[in-house]
Amino acid sequence: MGIGIACVSGKGGVGKTTTAINLAAALAEGGRRVLTVDCDPQSNLTSGLGQDPYALTTSLGDLLSGRVAARDAILATGWDNLDLLPATPDLTAVEAELPTGLHRETLLREALAQDGVRLAYDFILYDTPPSFGFHTVNALAATDYVIVPLQMSGFAVRGLKEVLRTVLLAQGRLNPELRVLGIVPTFVNLRTNFSRQLLGGLAELAGLRVFESVIPPTVKIQETSLASVPITAYAPGSKAAAAYRALADEVVRSV
Ligand code: ADP
Ligand code: MG
């Protein structure tokens, strides 16, 4: 049964999509069968894994609307063990088109339970939009765990409370087993006192794991977004690739 992990944060630009792509790629490189699910209409995970969101004819929107089955919406990527349930910009319109009275918030969970899709993978990674609306709620209903990428700044730390409140709500109403797996510190420059102090403060937050594998700021990761290739393939020997491999190891040990 594929273990679900959703990258969630109320903020944009903190490394959610980058973490979903590269954690998935590192797990796949290590021999795990991984499905990535793009729940963000911006479709950055889809383009980051080499697909053109404007050229796709079948995507997550069709699955949520009941037009296709999950296995017909899932694509192979150019990398072994790594599949993609893609998004297109049309995903924005899906919520408004759904008939009323439907179990809207569990559509994704139900769709992935069909045809043994969840059984075909070791991990299912969900990327979510920078809000707590329909698509993030569907991911929270479908997943087992949440990972919170946190950009090391004072504001980001404040935003964390909102994520935790949303997870608690989803736990209560939709998914009692939902757990926060941990915080992934992103854009961490350990050479600065500021980053070190923030990390120290984070570690004191009650009850939450802060992953030891922190992600450094690097131009190599910016380049991967343009190249549409995971860091583990784009620059296999880079510090950033090593950081995501280390994160994958920590994740495997902690689920
Ligand atoms: P989110 O999904 O939270 O909006 P992204 O993962 O798309 O954030 O990252 C936002 C931007 O920052 C992207 O252009 C990405 O390439 C860049 N980025 C992400 N992580 C890093 C990093 N560790 N170092 C440098 N740039 C990064
Ligand atoms: Mg994103």
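Counting convention: from 1, in listed order, for ligands and their atoms alike. The first residue of the sequence shown is numbered 1, and numbering continues consecutively from there.
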Peer 1: Between Arg67 and Asp62, does any NZ, NE, NH1 or NH2 come within less than 4.0 Å of an OD or OE carboxylate oxygen?
Peer 2: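 The answer is yes: the pair qualifies as a salt bridge.
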
Peer 1: Provide the number and element of each atom of ligand 1 under 4.0 Å from a heavy atom of Gly12.
Peer 2: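 Here the atoms of ligand 1 in question are 4 (O).
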
Peer 1: Can you sort out which atoms of ligand 1 are near Val14, meaning under 4.0 Å from one of its heavy atoms?
Peer 2: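 Once the distances to Val14 are compared, the set is 1 (P), 3 (O), 8 (O).
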
Peer 1: What about Val219: any of its N or O atoms under 3.5 Å from an N or O on ligand 1?
Peer 2: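 Min N/O separation from ligand 1 is not below 3.5 Å for Val219.
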
Peer 1: List the closest protein heavy-atom neighbour of atom 12 (O) of ligand 1: residue, atom name, distance to the nearest 0.1 Å.
Peer 2: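 Atom 12 (O) of ligand 1 sits closest to the protein heavy atom Phe187 CZ, 3.7 Å.
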
Peer 1: Which protein heavy atom lies closest to atom 8 (O) of ligand 1, and at what distance to 0.1 Å?
Peer 2: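 Of the protein heavy atoms, Gly15 N, 3.1 Å lies nearest.
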
Peer 1: For Pro216, take its heavy atoms, then give the atoms of ligand 1 lying under 4.0 Å from any of them.
Peer 2: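 In order of numbering, the contacting atoms are 22 (C), 23 (N), 24 (N).
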
Peer 1: Among the heavy atoms of Asn44, does any lie under 4.0 Å from an atom of ligand 1?
Peer 2: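 Heavy atoms of Asn44 never come under 4.0 Å of ligand 1.
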
Peer 1: Is the backbone N or O of Val117 less than 3.5 Å from a side-chain atom of Asp115, with the two atoms forming a donor-acceptor pair by type?
Peer 2: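 The answer is no, because no donor-acceptor pair under 3.5 Å joins these two groups.
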
Peer 1: Does a side-chain N-to-carboxylate-O contact under 4.0 Å join Arg118 and Asp144?
Peer 2: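 Looking at Asp144 together with Arg118, the answer is yes, because their closest N to O distance falls below 4.0 Å.
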
Peer 1: Counting distance only, does the side-chain N/O of Ser195 pair as donor-acceptor with the main-chain N or O of Val188 below 3.5 Å?
Peer 2: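 Not confirmed, Ser195 side chain does not pair with Val188 backbone.
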
Peer 1: For atom 10 (C) of ligand 1, state which one of Gly48, Pro217, Gly13 supplies the nearest heavy atom.
Peer 2: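 Answer by nearest heavy atom: Gly13.
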
Peer 1: Can you find a heavy atom in the side chain of Arg191 that is under 4.5 Å from one in the side chain of Arg196?
Peer 2: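 They are not in side-chain contact.
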
Peer 1: Is there at least one pair of N or O atoms, one from Thr218 and one from ligand 1, spaced under 3.5 Å apart?
Peer 2: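 Yes, at least one N or O pair falls under 3.5 Å.
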
Peer 1: Taking the side chain as everything from C-beta on, heavy atoms only, tell me whether Tyr145 gets closer than 4.5 Å to Leu178.
Peer 2: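 In short, these two side chains do not touch, never coming nearer than 4.5 Å.
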
Peer 1: Under 2.8 Å from the Mg ion (ligand 2), which protein N, O or S atoms are there? Could you list them by chain and number?
Peer 2: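 Within the sphere that stays under 2.8 Å of the Mg ion (ligand 2), the protein atoms of type N, O or S are Thr17 OG1.
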
Peer 1: What protein heavy atom sits nearest atom 26 (N) of ligand 1, and how far off is it?
Peer 2: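 Here the closest protein heavy atom is Gln222 CG, 3.4 Å.
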
Peer 1: To which protein heavy atom is atom 7 (O) of ligand 1 closest, and what is the distance rounded to 0.1 Å?
Peer 2: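 It is Thr17 CB, 3.9 Å.
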
Peer 1: Can you tell me the protein heavy atom closest to atom 14 (O) of ligand 1 and the distance?
Peer 2: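 The answer is Ser225 OG, 4.2 Å.
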
Peer 1: Has the side chain of Asn175 got a donor or acceptor atom that lies under 3.5 Å from a matching backbone atom of Thr143?
Peer 2: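 Checked: pair present.
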
Peer 1: Considering all heavy atoms of both residues, which atom of Ala241 and which atom of Pro236 are nearest to each other, and what is their separation?
Peer 2: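 Closest approach of Ala241 to Pro236: CB-O, 3.6 Å.
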
Peer 1: Measure the shortest side-chain to side-chain distance between Ile21 and Leu125 over non-hydrogen atoms and say whether it is less than 4.5 angstrom.
Peer 2: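 No - every pair of side-chain heavy atoms lies 4.5 Å or more apart.
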
Peer 1: For side chain to side chain contact (heavy atoms under 4.5 Å, CB included), just list the numbers for Ile124 and Ile5, CA-CA rounded to whole Å, side-chain angles, deciding distance to a tenth of an Å, and then say yes or no.
Peer 2: CA-CA 6 Å; Ile124 303 182; Ile5 300 176; over 6 Å; no

Peer 1: Evaluating non-hydrogen atoms only, which member of Thr18, Val214, Ile215 is closest to atom 6 (O) of ligand 1?
Peer 2: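 The residue whose heavy atom sits nearest atom 6 (O) of ligand 1 is Thr18.
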
Peer 1: Got a protein heavy atom sitting under 4.0 Å from atom 22 (C) of ligand 1?
Peer 2: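 Under 4.0 Å from atom 22 (C) of ligand 1, at least one protein heavy atom found.
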
Peer 1: Can you find a side-chain donor-acceptor pair between Thr46 and Asp38 that sits under 3.5 Å?
Peer 2: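 The criterion, which ignores hydrogens and geometry beyond distance, is satisfied for Asp38 and Thr46.
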
Peer 1: Please check this pair: side chain of Thr17 against backbone of Leu45, looking for a donor-acceptor N/O pair closer than 3.5 Å.
Peer 2: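 It does not hold such a pair.
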
Peer 1: Establish, from distance only, whether the side-chain atoms of Tyr244 and Thr19 form a donor-acceptor pair under 3.5 Å.
Peer 2: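 Result is yes, a qualifying pair exists.
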
